[in-house]
Amino acid sequence: MLEKTYNPKDFEEDIYKSWENSGDFKPNMRKDRDAFSIVIPPPNVTGYLHMGHALNYTLQDILIRYNRMLGKNVLWQMGTDHAGIATQMVVERNLALEGLSRHDFTREEFVNKVWEWKAHSGGVITKQLRRLGCSVDWGRERFTMDEGLSRAVRKIFVAMYKEGLIYKDKRLVNWDSKFQTAVSDLEVIQKETVGKMYYYNYPIEGSDKEYVQIATTRPETMFGDTAVAIHPENEKLKHLIGKNAVLPIINKPIPIIADEHADPEKGTGAVKITPAHDFNDFEVGKRHNLPMVNILNFDGTLNENTPFDGMDTQNARVKTIDELTSLGLMVKVEDNPMVIPYGDRSGVVIEPMLTDQWFADAPKMAVKAIEEVENGDMEFIPKNYEKTYFEWMRNIQPWCISRQLWWGHQVPIWYGPDGKVFCEENEEEAQLAAGKDVKLTRDTDVLDTWFSSGLWAFSTLGWPDKSEFLDVFYPTSVLVTGFDIIFFWVARMMMMSMYAMKKVPFAKTYIHGLVRDEKGQKMSKSKGNTVDPMEIVEKYGADALRFFMAAMETQGRDINISESRIQGYRNFATKLWNAARFCEMNECGFSSNFDENKVTLPVNKWIVAKVKEAAKDVTDNLNNYRFSDSANSVYQFVWGSFCDWYIEMTKPVFYGDNEEEKAETRATAAWVLDRILVILHPFMPFVTTELWDNIAKRDGKLITAGWPKTEKVDVNALNDIDWMIELITSIRSLRAEMNLPAGAKLAAYLKGADSKSLKNMKAFETIICSLARLEKIEVFSGEVSKDMVQDVFKEATILIPLAGVVDFAAEKERLMKELAALDKNLEGYARKLENPGFVDKAPAAVVEEEKRRQAEALENKAKVVEALKRVENF
RNA sequence: GGGUGUGUAGCUCAGGGGUAGAGCACUACGUUGACAUCGUAGGGGUCACAAGUUCGAAACUUGUCAUACCCACCA
């Protein structure tokens, strides 16, 4: 027996446990079945579920459950990410609470502390995934720092190094002075701010009157200047080229050089060149072989190459301006709108810094990754994201893969005493390569987190070992992820997979939007507008949240969270629950030998056709990754057709005494409910399973129940009942308009009718009276006298002439209008198709489409003509 | 500077060359034997603006305005 009220909390967690315990999430590994696989975008191991996850994982679970029900061999590969910077940051923050820093420990001790933290706070997110209903294969859960994945990382690194795809280089990189590490371009965010532009003079060597005026937003970097550049064709200033300017304060002469980088239109026309601290200047410096003077310490303070050793940049800037002013060299200061780079994690200003780093040759690796998208082997959904992908991939820069952190995969590089490099998968092999007496020291850098994530699609399946899973499930079927991660992850997986596997990591990439707050604002902790998915689950159930996500997911659009809407979908689950209770009360038991194609009652034929229609819609839309359309199809069918009409129409049958009709209707209702549970299961796995298990005992489990095949819909079965629904709606409408008192006895009569309406009316009399709440309905054909009518309806207080209910005159007018419109269309199609210019020059597909439309219009016209005939009889 | 979206009911958004849609909110009525987490009926829109294509445009094209985001640069 079902509980009287739907309460998801009563069963959701238990159902999940039963799935997990009975191995329902494991692939069936049947060789005769197609494989379907998804690798989960790994959440941070110590993270918490946010709304973006809830959307991302819900969509994947829908696809996984759908394909599992199709009978495929399905794998949803689970795993978590070590999230280098993010995790190290959290652990360092905790240490800071005790007044400690990571430098109070050895590297090994610190890394152990991180593992402890993982053991302590990891696993929260995996619990949350369970709560959401994600049917991942837990037995295969991986972690980017586990032994197997670490081995994969080392193997790839060594191979790439030996092929020259990984190299060490002294270059300017984005330096995060908080974490004291290099970061990649993608980890730098540009923020608009109003800063200051400082104009001041550098004296010319050997002259007390001549100056070169320069403009800068960062005067404190002047101590790293090694030249002043002037455009060779700058008429005003080119006479200075070849002379030396003197850096004030430190009185250091630097050459004035000719370089086209110095735009005569911008600033003062003369540019101070600081090769060690500016990306453009770095290039200029290389062109002119300028010395590169580093003026910063790793912690972002100025170093001994400046007069302000140990001072931070802000104070150094003030000091520099003070000194320039007292030397009489300051010209002016202006407000200047500018963009300043910040570290996305640390929030501190990022400084370009000249350091030795490891780089991957992304431009070279991108070639194949681009090709595979061009030739369609990897397809973006929606398609327009491939433009974003191409744009970035075609302009890709070498990828700085080294980080000066402690938490992460240490690069497999060892140095001999002479600095000779040995790149091997482990220390023994490095030692072997170096010779056993050579003392080796290991490079202290670790790899960018995204380096290991880049291997995710194959490393989780067992690479580099031989593995059945790799054979069966690679390439994976689809990657589901947010657009913000295309560069970080999708692009890197494409590059790494093409390198290691020579095959794309996934055949498709489905890109979804961001989850925003109610007003469309980005959710962020600092704004305080985040909504915790677990609170929503607690309040409305996981099914409601999942259905919300699916129903709101339209390709390429962000989702605004809306609690009232989630509540609406909870109500939907309640509605289904109660419909199931209705079935239960009326003893609608599932019977395995029921044949839905043999039902006889029009109502039952109708609902069977409706189910097929809905199932087809859901299937087609899921196949095309149209989540909202597919969710809305089920929703409308369940509420609008099954609950609002079918159940109501069965009541006269159930409360009547025709046992034969009752039996058929019971079986049909049970079958329909069964189908509903199946097609709704990917979206609302919990409530559907709870109902499936409780209402009728079957052999199979819902989670692996077969998905309905797409069948042809019996259109005739739809028409009769649709006719009746229209009639009932009209009567109800009229009743409301007439503002009748409650309990007024009503009767309706239909004056004159064609044989079909007559037959229908007879057949549906009980249903119509029940649903339109009529006392009686009668049909007269031919001439009707007032007496005849009043005699039949003597008990009724009010008579409704049905000819007035269905306004045949208006209906006729409407049909005539439609006919005229159709004729006009047909005229248009005919003209086009008879035009040789169109037929010969337009693409064949367009002509076909036009023909198809013409045929469709013809079909419609026939229908309209038919309808007109019917109406004209009245 | 380059690019990508979006503009439809009070709100949040689907749709898409042929009668303008959903959920929520709103109004009136209703506790009838699944359900008030409900039912029935209703009100509410120049589909941002302009021009073009078309028999027909809210949909296609171009432009304008508004808005969001991405990339690059800024001495």
Side-chain angles (χ1 to χ4, degrees), chain A residues 2 4-6 185 190 197-199 214-218 221 228-229 261-263 266-274 278-281 336-339 382 384-385 387-388 391-392 395 483-484 486-487 513-514 516 518-520 522 540 544 548 551-552 554 556-586 626 628-629 632 635-636 640 643-644 647-648 651 654-655 728-729 732-737 739-742 770-773 814 817-818 821-829 831-832 853 857 860:
Chain A
L2 289 175
K4 196 162 174 356
T5 49
Y6 163 68
D185 297 346
Q190 311 287 343
M197 180 74 80
Y198 303 89
Y199 294 81
I214 55 106
T216 182
T217 55
R218 305 175 61 201
T221 62
V228 171
H261 166 63
D263 184 343
K266 283 188 184 168
T268 61
V271 188
K272 67 193 268 303
I273 301 297
T274 324
D278 181 283
F279 288 98
N280 285 313
D281 293 2
N336 182 46
M338 55 197 277
V339 177
N384 54 304
Y385 280 107
K387 276 190 194 163
T388 313
E391 180 63 23
W392 191 71
N395 297 302
F483 66 86
D484 50 329
I486 295 178
F487 303 145
L514 242 50
R516 297 168 174 276
E518 205 118 37
K519 295 177 194 126
K522 222 172 181 167
Y540 301 105
F548 168 81
M552 296 303 287
T554 51
R557 236 181 131 124
D558 290 347
I559 291 176
N560 296 357
I561 203 84
S562 154
E563 198 166 327
S564 68
R565 201 143 183 159
I566 295 169
Q567 194 176 328
Y569 292 122
R570 190 272 321 265
N571 295 355
F572 173 62
T574 307
K575 187 78 180 171
L576 174 71
W577 185 269
N578 285 312
R581 284 183 58 229
F582 174 84
C583 293
E584 190 182 49
M585 286 171 174
N586 289 290
R626 303 186 65 95
S628 73
D629 287 336
N632 287 328
Y635 183 94
Q636 263 159 30
C643 295
D644 286 350
I647 287 188
E648 294 306 325
K651 282 178 183 171
F654 286 134
Y655 305 146
I728 291 168
T729 310
R732 282 171 174 172
S733 200
L734 209 70
R735 287 174 57 102
E737 266 171 43
N739 212 2
L740 297 176
S770 155
L771 269 63
R773 310 196 57 203
R814 188 186 70 80
K817 257 166 94 180
E818 197 175 328
L822 276 168
D823 275 335
K824 233 178 177 184
N825 288 352
L826 281 165
E827 218 175 280
Y829 294 136
R831 196 171 31 248
K832 245 185 192 171
R853 284 181 189 163
N860 284 338

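Throughout, a chain's letter reflects where its sequence line sits, starting with A, and its residues are numbered from 1.
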Exercise. What integer distance in Å separates Glu563(A):CD from rC13(B):C1'?
Worked result: 18 Å

Exercise. Quick one: Ile728(A) CD1 to rG39(B) C1', roughly how many Å, whole number?
Worked result: 15 Å

Exercise. How close or far is atom P of rG21(B) from atom CG of Asp629(A), stated in whole angstroms?
Worked result: 17 Å

For this session: Describe the nucleic acid contact of Thr5(A) in one word from base, sugar-phosphate, nothing, applying a heavy-atom distance below 4.0 Å.
Result: nothing

For this session: Take atom C1' in rC60(B) and the same atom in rU67(B), then report the distance between them in whole Å.
Result: 23 Å

Seminar exercise, completed: Closest non-hydrogen atoms of Lys272(A) and Asp281(A), given as atom of the first, atom of the second and distance, are O-OD2, 3.3 Å

Problem set entry | Residues forming a ring-ring contact (aromatic ring centres under 6.0 Å, His included) with Tyr198(A), sequence neighbours excluded | none

For this session: Among rU4(B), rA34(B), rU37(B), find the nucleotide with the atom closest to the side chain of Tyr655(A).
Result: rA34(B)

Exercise. Toward the 5' end of RNA chain B, which comes first, Thr729(A) or Pro337(A), by nearest nucleotide?
Worked result: Thr729(A)

For this session: Look at the side chain of Cys643(A) and decide which nucleotide, out of rG16(B), rA34(B), rU37(B), has an atom nearest to it.
Result: rA34(B)

Exercise. From the list rU12(B), rA34(B), rU40(B), which nucleotide is the closest neighbour of the side chain of Phe582(A)?
Worked result: rA34(B)

Exercise. Touch check for Lys387(A), heavy atoms < 4.0 angstrom, all strands: base, sugar-phosphate only, or nothing?
Worked result: sugar-phosphate

Exercise. What interatomic distance, in whole Å, is found between C1' of rA28(B) and the corresponding atom of rG21(B)?
Worked result: 23 Å

Exercise. Less than 4.5 Å apart, any side-chain heavy atom of Ile486(A) and any of Tyr385(A)?
Worked result: yes

Exercise. Going by the angle between their ring planes, with limits at 30° and 60°, are Tyr635(A) and Tyr569(A) parallel, tilted or perpendicular?
Worked result: perpendicular

Seminar exercise, completed: Glu648(A) atom CD is separated from rA34(B) atom C1', nearest whole Å, by 9 Å

Exercise. Using a cut-off of 4.0 Å on non-hydrogen atoms, how would the nucleic acid contact of Thr216(A) be classed: base, sugar-phosphate, or nothing?
Worked result: sugar-phosphate

For this session: Rounded to the nearest angstrom, tell me the gap between atom CG in Asn384(A) and atom P in rU6(B).
Result: 8 Å

Seminar exercise, completed: Here the distance between atom C1' of rC74(B) and atom CZ of Arg218(A), to the nearest Å, is 13 Å

For this session: Pick the P atom in rG3(B) and in rU64(B), then give their distance to the nearest Å.
Result: 13 Å

Exercise. Should Arg626(A) be listed as having a side-chain N or O under 4.0 Å from OP1 or OP2 of rG15(B)?
Worked result: yes

For this session: Just need the stems in RNA chain B: three or more back-to-back Watson-Crick or G-U pairs, each with both distances under 3.5 angstrom, sorted by first number.
Result: B:1-7 with B:65-71, B:10-13 with B:21-24, B:26-30 with B:38-42, B:48-52 with B:60-64

Problem set entry | Lys651(A), nearest nucleotide to its side chain (from rG15(B), rC35(B), rA34(B)) | rA34(B)

Exercise. CG of Asn632(A) to CZ of Arg626(A): how many Å apart, nearest 0.5 Å?
Worked result: 11.0 Å

Exercise. With a non-hydrogen cut-off below 4.0 angstrom, is Asp263(A) in contact with a base, only sugar-phosphate, or nothing?
Worked result: base

For this session: Give Met338(A) one of three labels, base, sugar-phosphate or nothing, depending on what nucleic acid heavy atoms sit under 4.0 Å from its own.
Result: nothing

Exercise. Just wondering, do Tyr6(A) and Arg570(A) contact through their side chains at under 4.5 Å, heavy atoms?
Worked result: yes

Exercise. Using a cut-off of 4.0 Å between protein heavy atoms and nucleotide atoms, how would you tag nucleotides 66-73 of chain B 5' to 3' with B, S and -?
Worked result: --S-S--B

Exercise. How many Å lie between CG on Asp484(A) and C1' on rG5(B), as a whole number?
Worked result: 15 Å

For this session: Answer yes when Glu584(A) and Arg581(A) have at least one side-chain N-carboxylate O distance shorter than 4.0 Å, and no when they do not.
Result: no

Exercise. Does Lys4(A) put a side-chain nitrogen or oxygen below 4.0 Å from OP1 or OP2 of rC35(B)?
Worked result: yes

For this session: Quote, to the nearest angstrom, the P distance that separates rU61(B) from rG16(B).
Result: 14 Å

Problem set entry | Any side-chain heavy-atom pair of Phe654(A) and Met585(A) under 4.5 Å | no

For this session: Could you check Tyr385(A) against His261(A) and say which one's nearest nucleotide on RNA chain B is further toward the 5' end?
Result: Tyr385(A)

Seminar exercise, completed: Scanning both residues in full, the closest heavy-atom pair of Ser628(A) with Thr554(A) reads OG-CG2, 3.1 Å

Exercise. P atom, rA22(B) versus rA9(B): distance in rounded Å?
Worked result: 13 Å

Exercise. Are any of Lys575(A)'s side-chain N or O atoms less than 4.0 Å away from OP1 or OP2 of rC35(B)?
Worked result: no

Problem set entry | P atoms of rG1(B) and rA58(B), separation to the nearest Å | 33 Å

Exercise. What does Ala262(A) touch in the nucleic acid at a heavy-atom separation under 4.0 angstrom: a base, only the sugar-phosphate, or nothing?
Worked result: base

For this session: Could you give the distance separating rC65(B) and rA72(B) at their C1' atoms, to the nearest angstrom?
Result: 26 Å

Exercise. Atom CZ of Phe487(A) and atom CG of Asp185(A): how far apart are they, to the nearest 0.5 Å?
Worked result: 12.0 Å

Exercise. Is any side-chain heavy atom of Asn586(A) less than 4.5 Å from a side-chain heavy atom of Phe582(A)?
Worked result: yes

For this session: State whether the distance check finds a donor on one side and an acceptor on the other, under 3.5 Å, for side chain Arg565(A) versus base rU12(B).
Result: yes

Problem set entry | Nearest-Å distance once atom C1' is located in both rU37(B) and rC24(B) | 14 Å

Exercise. Taking the side chain of Asn571(A) as heavy atoms from C-beta outward, which of rU12(B), rC35(B), rU37(B) is closest to it?
Worked result: rU37(B)

For this session: Taking only the side-chain heavy atoms of Ser564(A) (C-beta and beyond), determine which of rC24(B), rU4(B), rA34(B) contains the nearest atom.
Result: rC24(B)

Problem set entry | Interatomic distance where CD1 belongs to Ile647(A) and C1' belongs to rG39(B) [whole Å] | 13 Å

Exercise. Under the side-chain contact (heavy atoms from CB on, under 4.5 Å) criterion, do Phe548(A) and Ile561(A) qualify, and how do the steps go?
Worked result: CA-CA 9 Å; Phe548(A) 168 81; Ile561(A) 203 84; 3.7 Å; yes

